[in-house]
Amino acid sequence: MSKLLSHKITPSPMPAEISVVDLIDGYFTAYNSARLREICQLLTREVMKEGVTVALSLSGAMTPAGFGVSVLAPLMRHGFVDWIISTGANLYHDIHYGLGLDLFASSPFLDDVKLRQEGRIRIYDIVFDYDVLLETDAFIREILWAEPFQRRMSTAEFHYLLGKYLHEIEKQVGVKNSCLLATAYECGVPIYTSSPGDSSIGMNVAAIALEGSKLMIDPSLDVNETAAIAYAARDTGNPDVEGKSAALIIGGGSPKNFLLQTQPQIHEVLGLEERGHDYFIQVTDARPDTGGLSGATPNEAVSWGKVDPEELPNTVVCYTDSTIALPIMTAYVVNQCASRPLKRLYDRRDEMVAMLQRDYLAAKADPERFVASPIAVTKLEEAPARKPVVATYPCGTPIRNGNGHR
């Protein structure tokens, strides 16, 4: 029988009581439900094992809906997420929960003009007071003046410090369940933001710069640290355990690209041998045929060296709403997998970057290493004088001004 006929559909009536595992394994039979089943099974059977470093990229408004506290924090505590790349907006709205501020489930059909008059904000069907933003902004600006922030740093260090302060605030205000940033601080999970200026956190960083703050977030540090994490994932420290890298992508956008570009950074730019990520799992509602990165498939990523071509069977894309898929995936994995020891990659950043730098410099000094010839660039001052450009109509006739002169 063809291998394509691999899973016989044997429908049976839905029982009154059923576990999440039985529901997914027995009733998610086709289309995107089947892709979600494949993701859950791939995660539990191969990804959440010893030796696999799991990176999560996060886009879309997930934390306003509470998923930072309810879903992502437990994944980190169980050792199922080792490092994260998130939009700044997700981290900003996560802070609301760390400060004990209130957000409410509502309707997507409210009168937004009336909401504005009442001083309320809407994120589709989530509503909260404008003061939530103001109080969060005030908290951010106050702690950013603390001495540890007054220097150059990566977004991982920046978010680690934010999480440290939030961890203390949660104790003071009696928050029972820690937010994403505070949990990442506790678990040593580094969190990066691919566009640090593109959120209210970045806006507040810019505001205090006008007052003389010395805080400087350096994206180059992020590029090298994330590449170093992906590079170090191959070495588990145990010769009997093969190191692998998994990309778990929720949504798409800039965080997805920042996660996947770690591999081209290693082999294309630094000239180090690399095979691409071993696992590519994505939940998205973006189409692939528009050419955008959010919808780009694992197959396309192979051509860039972002995904190991030998591991294409270990890639799954489910086209659905992330707010549906992520809780289901988490419930399945937590039920089926034993917790993994925390890798605490944040604490190992300097060590991993040093290893990447050492190997890069050694490769660069290798006389047998192939280096493409750079394109010759003529200095501007040496360039020949160019004739003045004459504006023309499409037919080629010169355009003249009102007095008959060009």
Side-chain angles (χ1 to χ4, degrees), residues 58-69 72-73 84-106 112 115-124 126-175 177-185 191-219 222 253-255:
L58 186 67
S59 65
M62 302 298 288
T63 60
F67 289 111
V69 175
L72 299 176
I84 296 173
I85 299 174
S86 172
T87 59
N90 268 311
L91 302 179
Y92 176 74
H93 293 300
D94 173 66
I95 295 174
H96 306 330
Y97 289 96
L99 298 179
L101 303 174
D102 296 326
L103 289 80
F104 299 92
S106 186
D112 289 284
L115 288 177
R116 181 63 177 171
Q117 293 169 346
E118 295 174 348
R120 292 189 172 90
I121 305 291
R122 181 173 71 89
I123 303 175
Y124 193 60
I126 299 170
V127 175
F128 51 93
D129 289 339
Y130 184 59
D131 286 348
V132 169
L133 303 183
L134 299 181
E135 291 184 37
T136 303
D137 291 346
F139 165 77
I140 293 172
R141 287 197 302 273
E142 180 180 358
I143 66 167
L144 292 188
W145 282 111
E147 188 276 332
F149 285 99
Q150 293 302 300
R151 54 191 173 82
R152 172 176 172 262
M153 63 182 65
S154 68
T155 57
E157 184 173 7
F158 176 76
H159 295 137
Y160 179 83
L161 291 172
L162 275 179
K164 180 179 180 179
Y165 282 89
L166 279 168
H167 182 62
E168 293 302 316
I169 291 292
E170 287 180 341
K171 293 179 182 179
Q172 295 175 21
V173 301
V175 171
N177 300 302
S178 286
C179 66
L180 172 64
L181 281 165
T183 304
Y185 161 75
I191 300 180
Y192 297 90
T193 295
S194 48
S195 300
D198 187 17
S199 73
S200 292
I201 295 177
M203 290 154 58
N204 282 290
V205 171
I208 65 170
L210 297 176
E211 302 176 54
S213 171
K214 299 298 188 294
L215 170 60
M216 184 178 74
I217 296 175
D218 189 343
D222 287 359
S254 183

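The main-chain N or O of T193 is found under 3.5 Å from a side-chain atom of T155 such that the two form a donor-acceptor pair. D94 places no side-chain N or O within donor-acceptor distance of the main-chain N or O of G68, the cut-off being under 3.5 Å.
Enclosure of atom CE in M216 by more than 12 non-hydrogen atoms of other residues, nucleotides or ligands within 6.0 angstrom is indicated. Annotation: N177, atom CG; neighbour count of heavy atoms from other residues, nucleotides and ligands within 6.0 Å does not exceed 12. More than 12 heavy atoms of other residues, nucleotides or ligands lie within 6.0 Å of CD in E118, so this atom counts as buried by the packing criterion.
At a threshold of 4.5 Å between non-hydrogen side-chain atoms, the residues I140 and I95 count as touching. The shortest distance between side-chain heavy atoms of C179 and E170 falls below 4.5 Å.
Annotation: the span from E157 atom CD to Y192 atom OH amounts to 10.0 Å, rounded to 0.5 Å. In this structure, M203 CE and D198 CG are separated by 10.0 Å, a value rounded to the nearest 0.5 Å.
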Q.
Is there a side-chain contact (heavy atoms from CB on, under 4.5 Å) between L72 and M62? Walk through the geometry before answering.
A. CA-CA 10 Å; L72 299 176; M62 302 298 288; 5.5 Å; no

Q | Residue pair R141, L144: steps toward the side-chain contact (heavy atoms from CB on, under 4.5 Å) verdict | A | CA-CA 5 Å; R141 287 197 302 273; L144 292 188; 5.8 Å; no

(Q) Under the criterion side-chain contact (heavy atoms from CB on, under 4.5 Å), I'd like the reasoning laid out for Q150 against W145: C-alpha separation, chi angles, the key distance, then a yes or no. (A) CA-CA 7 Å; Q150 293 302 300; W145 282 111; 4.1 Å; yes

Q: Run the numbers on F67 and N90 for side-chain contact (heavy atoms from CB on, under 4.5 Å), then give the verdict.
A: CA-CA 10 Å; F67 289 111; N90 268 311; over 6 Å; no

Side-chain donor-acceptor pairs of residues 96-104 under 3.5 Å, sequence neighbours excluded:
| unit_1 | atom_1 | unit_2 | atom_2 | d |
| --- | --- | --- | --- | --- |
| H96 | ND1 | T136 | OG1 | 2.8 |
| H96 | NE2 | H93 | ND1 | 2.9 |
| Y97 | OH | P64 | O | 2.7 |

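Judged as a side-chain hydrogen bond (donor to acceptor under 3.5 Å, both in side chains), and not counting sequence neighbours, Y185 has no contacts.
Tested against Y92, the residues D137, N204, T63 include a single side chain to side chain donor-acceptor pair (under 3.5 Å) partner, D137.
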